[in-house]
Amino acid sequence: MPVRVRFAPSPTGIPHVGSVRTALFNWLYARHTDGVFILRIEDTDRSRYDPRALEAIFGSLRWLGLDWDEGPEAGGDYGPYVQSERLEHYERYARQLIEQGNAYECFCSTERLAEIRAERQRRKQPPRYDRHCRDLTAAEREERRAAGDEAVVRFRTPDEGTTSFDDIVRGHVEFETATIDDFVVRKSDGFPTAHLAHVVDDHLMEISHVLRGDEWVSSTPRQILLYQALGWEPPQFAHMSVILGPDKAKLSKRHGALSALEYRDQGYLPEAMLNFLGLIGWSLDDKTVLISREQFIEHFSLERMGKNPAAFDLERLTWMNGAYLRELPEERLTELFAERLESDLPDAAPRPIDRETVRRLVPLVRERIKRLDELAELVTSFFSDEMSYTADDLLGKQFKEDSSGAAAAFRAAAQRAEALSAWEHPAIEEAMRGLADELELKAGALFMLLRVAVTGRAISPPLFESMELLGKERCLKRLQAALTVLTK
RNA sequence: GGCGCAUUCGUCUAGUGGCCCAGGACACCGCCCUCUCAAGGCGGAGAUCGCGGGUUCGAAUCCCGCAUGCGCUACCA
């Protein structure tokens, strides 16, 4: 029996990183076992439907490279993969449950239900349905229907026994069946509830393992009951812990970015996000911190999944992103950087952004940024000649009281640069170090002067590599421009 | 209120009875390297393994109780 797992989001909003991680683990397990990864859309709640959600779900999965073998846009032999298109299946099994006596129609109004819930709560009793419609006669049901009352279908939960399952990550979990309410399986609008839809689809789609969030543990016995009533074998369950906010509270907008796509826009790499998410709640060993997609697939196992909820540590993600920036092949970074710069550089920079410049910039800046959104600020001067520094910026601490000394240094530097036959960074550096000696300046002081003149900022890629890349002519112009700023 | 799940440095984690008075990583601090900023190297601080009882020669690891957090208890998923 091949492994068949599914990621089953409901399109009620942009998927947050927690659900993306659920998708990741499902995908990893499928790939590790040469199984099948299925995407199924659970849109049975029409009131919460969000039309932007679907694209965001696809987009998040694609961004991380989590390709699905069956599902919307991929097709497959078990479709359709959108629950609103599978209504006849749920209807059929709801009816079967009624016929078998495992379920019944309930005509209670939401008002009545709210009342009994409030009443029971007041008496400090578990809020549950009072089974008012459980034993209606056929005649009574007919009467209610004739009166136009809408009905839901409720499961007739047994009063005795225990319902249990063996969870792969949590072990044996057991519930007193009597504590389970007569839960609704089909709503009055004809749509199934998640419980019925889950069970019917997981069975029909021959899902072998259900890997899902922790929050489903308490719902699992209800689903087990459905499997039993329908005479089906339940899949294996593995409930994984959830991701919490940095303060260990439930992840929410308060904590900043929520969706994977927002992280993408901030300049996090999919490689880093995958690594980061995959190592929350799963580990290879006691040492591994950086792990590739291939290693993940090779080593992933349900047995090594952790049980505890984990906080989302942004600083760790950011560090990891920096690590990937340092390790990814230059060609890939060139692509990434160019794409980013197209949108982030000021208008003064001509488009399209020059690829060759980007390519040569990669080794100079890759270890100086942690996120792509820091890139533009660092390299603007390579693409635009517009400088915005002031005389004070230029003089810095060292030349604060000595602008004539700075001016002299610029003139001398320009002269030296002019005289250079080979415009390569070792030669430029040698010349400027020589100049510093001659001027009886500390090399660092002179270099800082040049740095601001040439790159416009006190923080920049290595000075002489930058000058080489900029070219002699542009450097000379910038030295001249600095002089102008100083003497004005 | 009931039921369920969880609990190791601030954070992510390793650990399945002796190798652990607990290992790695992020963050933090110091030093080194250095043209700025980074990156890198070395070192440091940081966890009475939630608490209390057991079991055992020996427990972070097994058992019981408690506490705390979270989840479910919806015609949400």
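Each chain gets a letter, A, B and so on, in the order its sequence line appears, and its residues count up from 1.
- The CG-C1' distance, from L378(A) to A38(B), rounds to 9 Å in whole Å.
- Using a cut-off of 4.0 Å between Lys/Arg side-chain N and Asp/Glu carboxylate O, D159(A) and R131(A) are scored as salt-bridged.
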Between the protein and nucleotides 1-9 of chain B, are there any N/O to N/O pairs under 3.5 Å, and if so, what are the atom names and distances?
| from | atom 1 | to | atom 2 | distance (Å) |
| --- | --- | --- | --- | --- |
| G1(B) | O2' | K124(A) | O | 3.2 |
| C5(B) | O2' | R170(A) | NH1 | 2.7 |
| U8(B) | OP2 | N308(A) | ND2 | 3.3 |

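- U48(B) and C57(B) are spaced 28 Å apart, taking the P atom of each and rounding to whole Å.
- For R92(A), there are no salt bridge (Lys or Arg N to Asp or Glu O under 4.0 Å) partners at least two apart in sequence or on another chain.
- Among the protein residues, S460(A) comes within range of the nucleic acid bases, having at least one heavy atom under 4.0 Å from a base atom.
- Between F25(A) and F300(A), a ring centre-to-centre spacing shorter than 6.0 Å is recorded.
- Between R457(A) and U36(B), a side-chain N or O to OP1/OP2 separation shorter than 4.0 Å is absent.
- A 3.5 Å limit on both hydrogen-bonding distances identifies no Watson-Crick or G-U partner for A14(B).
- A14(B) and C72(B) are spaced 31 Å apart, taking the C1' atom of each and rounding to whole Å.
- Side-chain contact check for R304(A) and S301(A): no donor-acceptor pair (N or O, by modelled atom type) lies under 3.5 Å.
- Sorted by first and then second residue, the pairs that involve residues 160-180 of chain A and meet salt bridge (charged side-chain N to carboxylate O under 4.0 Å, His left out), not counting sequence neighbours, are R170(A)-D214(A).
- A close approach under 4.0 Å does occur between a side-chain nitrogen or oxygen of K187(A) and OP1 or OP2 of C76(B).
- For C31(B), the paired base is G41(B) (Watson-Crick or G-U wobble, both distances below 3.5 Å).
- Using a 4.0 Å heavy-atom distance criterion, A194(A) is classed as a base contact.
- Using modelled atom types and a 3.5 Å distance limit, the side chains of E215(A) and H239(A) yield no donor-acceptor pair.
- Nearest nucleotide to the R48(A) side chain, out of C75(B), C76(B), C35(B): C76(B).
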Could you run down the sub-3.5 Å N/O contacts of the protein with nucleotides 29-33 of chain B?
none

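- When the nucleotides C35(B), U36(B), A38(B) are ranked by their closest atom to the side chain of E367(A), A38(B) comes out on top.
- In this entry A74(B) has no Watson-Crick or G-U wobble partner, no candidate having both defining distances under 3.5 Å.
- Using Watson-Crick or G-U wobble geometry with both donor-acceptor distances under 3.5 Å, C21(B) finds no partner in any strand shown.
- Between S283(A) and the phosphate of A14(B), there is a side-chain N or O to OP1/OP2 separation shorter than 4.0 Å.
- Atom CE of M432(A) is separated from atom C1' of C35(B) by 13 Å (rounded to the nearest Å).
- Between the C1' atoms of G43(B) and C49(B), the separation comes to 26 Å (whole Å).
- Aromatic rings from F276(A) and F312(A) are positioned such that their centres are separated by under 6.0 Å.
- For D393(A) and T390(A), the side-chain atoms include at least one donor-acceptor pair closer than 3.5 Å.
- Shown here are the side-chain contact (heavy atoms from CB on, under 4.5 Å) partners of L336(A), two or more places apart in sequence or in another chain: L269(A), R332(A), L333(A), L372(A).
- Within the 4.0 angstrom heavy-atom criterion, no nucleotide atom of any strand lies near E327(A).
- Screening residues 436-447 of chain A for side-chain hydrogen bond (donor to acceptor under 3.5 Å, both in side chains), with sequence neighbours left out, gives R416(A)-E438(A).
- In this structure, F155(A) and F183(A) have parallel ring planes: the angle between them is below the 30° cut-off, well short of the 60° mark.
- For the pair R222(A) and A77(B), the criterion of a side-chain N or O lying under 4.0 Å from OP1 or OP2 is not met.
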Below 3.5 Å between N/O atoms, which protein atoms pair up with nucleotides 20-22 of chain B? Just atom names and distances, please.
none

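- Spacing of P atoms, C32(B) relative to G18(B), comes out at 43 Å, to the nearest Å.
- Rounded to whole Å, the C1' atom of U13(B) lies 11 Å from the corresponding atom of C9(B).
- At least one side-chain nitrogen or oxygen of R326(A) sits closer than 4.0 Å to the OP1 or OP2 atom of G40(B).
- We find the CZ-CG distance between F447(A) and L463(A) to be 7.0 Å, quoted to the nearest 0.5 Å.
- Contacts classified as salt bridge (charged side-chain N to carboxylate O under 4.0 Å, His left out) and involving residues 11-26 of chain A (residues at least two apart or in different chains) are not found.
- Checking G46(B) for Watson-Crick or G-U wobble geometry (two distances, each under 3.5 Å) identifies no partner in any strand.
- With salt bridges taken as basic N to acidic carboxylate O contacts below 4.0 Å, none links K287(A) and D285(A).
- Every pair passing salt bridge (charged side-chain N to carboxylate O under 4.0 Å, His left out) that includes a residue from residues 6-15 of chain A is listed here, sequence neighbours excluded: R6(A)-D202(A).
- By the side-chain contact (heavy atoms from CB on, under 4.5 Å) test, P363(A) pairs with E330(A), sequence neighbours left out.
- Nucleotides A25(B) and G40(B) are separated by 12 Å at their P atoms, to the nearest Å.
- Base-pair partner of C5(B): G69(B) (Watson-Crick or G-U wobble, both distances under 3.5 Å).
- Contacts between residues 150-168 of chain A and RNA chain B, defined by a heavy-atom separation under 4.0 Å, are made by V152(A), R154(A).
- Among the atoms of the strands shown, none is found under 4.0 Å from any heavy atom of P221(A).
- Within 4.0 Å (heavy atoms only), T44(A) reaches sugar-phosphate atoms of the nucleic acid but no base atom.
- Residue contacts shown for P462(A) include a base, since a base heavy atom lies under 4.0 Å away.
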Tabulated below should be each protein N or O lying under 3.5 Å from an N or O of nucleotides 23-25 of chain B; please produce it.
| from | atom 1 | to | atom 2 | distance (Å) |
| --- | --- | --- | --- | --- |
| G23(B) | N2 | D286(A) | O | 3.1 |
| A25(B) | N3 | R316(A) | NH1 | 2.8 |

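- As a whole-Å value, the separation of I116(A) CD1 from C75(B) P is 10 Å.
- Side-chain atoms of R40(A) never come within 3.5 Å of backbone atoms of Y81(A) as a donor-acceptor pair (strictly under, hydrogens ignored).
- In this structure, G52(B) and C64(B) make a Watson-Crick or G-U wobble pair, each of the two defining distances being under 3.5 angstrom.
- Comment: E429(A) engages R433(A) in a salt bridge, judged by a side-chain N to carboxylate O separation of less than 4.0 angstrom.
- Salt bridge annotation for R360(A)-E468(A): present, with a cationic side-chain nitrogen under 4.0 angstrom from a carboxylate oxygen.
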